[in-house]
Amino acid sequence: MARSILHMLTPLKYMSPFDVNMAVDAGFETIVTYAEVSLADVVSLTQDSIFSRAPQDGVRTGIFIGGKNAEDALDMVDRAKKAFVPPFANHIFADPAGSFTTGAAMVAEVSRALKSKFGTDLKGKRIVIFGGAGVVAYVAAVIGALEGAKTVLVGHDGEERVSKIAFTMKWRFGIEVGAVDGTTPEDRRKAIADADVILSAGPAGIPILSAEDLKSAPGLLVASDVNAVPPAGIAGIDVNAKDVALPTGKGVGIGALAVGNVKYQTQCQLFRRMLEAKEPLCLDFRDAYKLAVEVAG
């Protein structure tokens with residue numbers, strides 16, 4: 001059997017050591033990283049990887065796409081797929097900044113809590129997402145919308161930037177995602193007034209919603225915060241929280257480690273799927289979410 005090879009591409013200065021470690025621990029035998037890769041580079045790198053091995057060894061070869069931008073990563077996936085020349089093809093797995101699997105794990109944990117604590121699911125729920133310009137928020141918004149929720153991105157610097165992101169989501173996935181201003185405390189309270197679910201994916205160590213703010217969301221069922229650096233992004237949700245009561249007395253909170261545990265297992269298992277598959281796979285956050293739901297239980 002041919003050795004397993006993973007080519008790890010990033011448009012950044014260096015590939016994330018986190019992702020390299022995950023790939024090694026999952027079982028890839030040979031790993032090569034490529035930094036400062038542009039979209040224009042993807043075709044030549046992909047075709048070099050497919051034509052240097054027999055077609056049957058494509059399943060022993062993978063392309064991992066990193067970076068820190070959801071749209072850029074998805075564009076690279078599309079470019080790599082178009083570079084394949086059947087029967088020559090490899091696996092592709094996109095997880096920029098680990099955020100595709102983190103966002104998937106976050107929504108999976110929320111889904112689990114909705115079912116176990118309230119006997120309901122994501123369909124029809126209003127999900128308000130802070131950190132709206134980031135990759136985790138992007139993933140959570142798309143997955144939520146695909147699952148039938150009403151997802152809303154909150155912009156810390158106004159509505160314009162998150163509105164543009166929501167537009168790209170509609171263009172790429174055919175979904176409707178809302179966008180609102182979250183510049184001031186008053187704006188943020190208005191944004192969560194009708195929320196069933198609140199997700200915080202903002203910068204580490206930056207408080208976003210206080211206990212007083214949460215009183216503005218009387219219908220809140222679940223809140224989750226992926227910030228692992230104190231202070232908490234959402235009051236009352238520390239890193240170890242898993243279905244803990246929120247300060248308002250209603251609803252439950254999920255912290256960074258609960259999400260991180262599901263994220264870690266999901267990313268590891270997706271790498272292993274590449275090693276075990278009999279046909280080339282193309283994996284992104286939608287595949288991650290399906291697996292994360294299983295992992296979350």
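- For the side chain to side chain donor-acceptor pair (under 3.5 Å) condition, the pairs that include at least one residue of residues 235-251, sequence neighbours left out, are R112-D243.
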Next item on the list: Take E212 and K215 through the side-chain contact (heavy atoms from CB on, under 4.5 Å) test and state the conclusion after the steps.
Entry: CA-CA 5 Å; E212 189 65 26; K215 293 179 181 178; 3.2 Å; yes
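- Atom CZ of R286 is separated from atom CD1 of I143 by 9.5 Å, given to the nearest 0.5 angstrom.
- Remark: side-chain polar atoms of S163 are paired, donor with acceptor, to backbone N or O of E159 under 3.5 angstrom.
- Within 6.0 Å of the NZ atom in K150, the count of heavy atoms belonging to other residues, nucleotides or ligands does not exceed 12.
- Contact check for F84 versus I50: side-chain heavy atoms found under the 4.5 Å cut-off.
- Rounded to the nearest 0.5 Å, atoms OG1 (T120) and CG (L221) are 7.5 Å apart.
- T183 places a side-chain N or O within 3.5 Å of a backbone atom of G158 that can act as its donor or acceptor partner.
- Residues L153 and M169 meet the side-chain proximity criterion, which asks for heavy atoms closer than 4.5 Å.
- A donor-acceptor pair under 3.5 Å is formed between the side chain of S224 and the backbone N or O of I254.
- In plain terms, the two heavy atoms of P247 and L214 that are nearest each other are CD-CD1, 3.9 Å.
- Pairing each heavy atom of A232 with each of I237, the nearest pair is CB-O, 3.3 Å.
- Looking at heavy atoms from C-beta onward, R60 lies in side-chain contact with M1 at the 4.5 angstrom threshold.
- A donor-acceptor pair under 3.5 Å is absent between the side-chain atoms of R188 and the main chain of D181, judged by distance alone.
- S99 contributes no side-chain N or O that, together with a main-chain N or O of T102, makes up a donor-acceptor pair within less than 3.5 Å.
- Scanning all heavy atoms of the two residues, the minimum distance from L281 to R273 falls at CD1-O, 3.7 Å.
- We find the CG-CD distance between D25 and Q267 to be 10.5 Å, quoted to the nearest 0.5 Å.
- Using a 4.5 Å heavy-atom cutoff, the side chains of L270 and L291 are in contact.
- Shown here are the side chain to side chain donor-acceptor pair (under 3.5 Å) partners of R272, two or more places apart in sequence or in another chain: there are none.
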Notebook entry, point to check: Do L45 and L9 pass the side-chain contact (heavy atoms from CB on, under 4.5 Å) test, and can you show the C-alpha distance, the side-chain angles, and the key distance before you say yes or no?
Noted result: CA-CA 9 Å; L45 289 170; L9 282 54; 4.1 Å; yes
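- No side-chain donor-acceptor contact under 3.5 Å links K68 to the backbone of L12.
- Counting non-hydrogen atoms of other residues, nucleotides and ligands closer than 6.0 Å to CZ of F18 gives a total above 12.
- The closest side-chain donor-acceptor pair between T46 and K81, if any, does not fall under 3.5 angstrom.
- For the side chain to side chain donor-acceptor pair (under 3.5 Å) condition, the pairs that include at least one residue of residues 35-44, sequence neighbours left out, are S38-D41.
- Taking every heavy atom of both residues into account, N227 and V239 meet most closely at O-CG1, 4.0 Å.
- A perpendicular orientation is assigned to the rings of F271 and F28, their planes being inclined by more than 60° (bins at 30° and 60°).
- Ring-centre distance between H7 and Y34: below the 6.0 Å cut-off.
- Scanning for ring pair (Phe, Tyr, Trp, His ring centres under 6.0 Å) contacts around F88 gives F51, with sequence neighbours left out.
- Here CG of L246 is found 8.0 Å from CD1 of I198. Values are rounded to the nearest 0.5 Å.
- Rounding to the nearest 0.5 angstrom, the gap separating the CG atom in D57 from the OG atom in S4 is 11.0 Å.
- Counting non-hydrogen atoms of neighbouring residues, nucleotides and ligands closer than 6.0 angstrom, the CZ atom of F118 exceeds 12 such neighbours.
- In this structure, T151 has no side chain to side chain donor-acceptor pair (under 3.5 Å) partners at least two apart in sequence or on a different chain.
- Side-chain N or O atoms of D95 include one that pairs as donor or acceptor with a backbone N or O of F100 at under 3.5 Å.
- Side-chain contact between L6 and M274: present, with at least one pair of heavy atoms (C-beta onward) separated by less than 4.5 Å.
- Contact annotation: the side chain of V59 approaches that of H91 to within less than 4.5 Å [non-hydrogen atoms, C-beta and beyond].
- Annotation: salt bridge (Lys or Arg N to Asp or Glu O under 4.0 Å) contacts of D78 (sequence neighbours excluded): R172.
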Next item on the list: Walk me through it: do V295 and Y264 pass the test side-chain contact (heavy atoms from CB on, under 4.5 Å)?
Entry: CA-CA 10 Å; V295 172; Y264 178 88; over 6 Å; no
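- We find the CG-CD distance between L114 and E109 to be 11.0 Å, quoted to the nearest 0.5 Å.
- Side-chain contact between V107 and L122 is present, with at least one heavy-atom pair separated by less than 4.5 Å.
- Of all non-hydrogen atoms in V37 and M76, the two that sit nearest each other are O-CE, 3.2 Å.
- I129 and V177 fall within the same hydrophobic cluster, defined by Ile, Leu, Val, Met, Phe, Trp and Tyr side-chain heavy atoms under 4.5 Å apart, directly or through other members.
- Here the two rings, on F173 and F285, have centers that are under 6.0 Å apart.
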Next item on the list: Test I31 against M8 for side-chain contact (heavy atoms from CB on, under 4.5 Å), laying out the working first.
Entry: CA-CA 7 Å; I31 293 174; M8 306 186 77; 3.5 Å; yes
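- E176 has a carboxylate O that lies under 4.0 Å from a charged side-chain N of K170, or vice versa, which qualifies the two as a salt bridge.
- Side-chain atoms of K125 come within 3.5 Å of backbone atoms of D121 as a donor-acceptor pair (strictly under, hydrogens ignored).
- With 3.5 Å as the limit, one finds a donor-acceptor pair spanning the side chains of S210 and D213.
- Listed here is the closest heavy atom pair of I175 and A145: CD1-CB, 3.7 Å.
- A side-chain donor from one of T168 and E71 sits under 3.5 Å from a side-chain acceptor of the other.
- Of the options D19, L283, D284, I65, a side-chain contact (heavy atoms from CB on, under 4.5 Å) to F93 is made by L283 and by none of the others.
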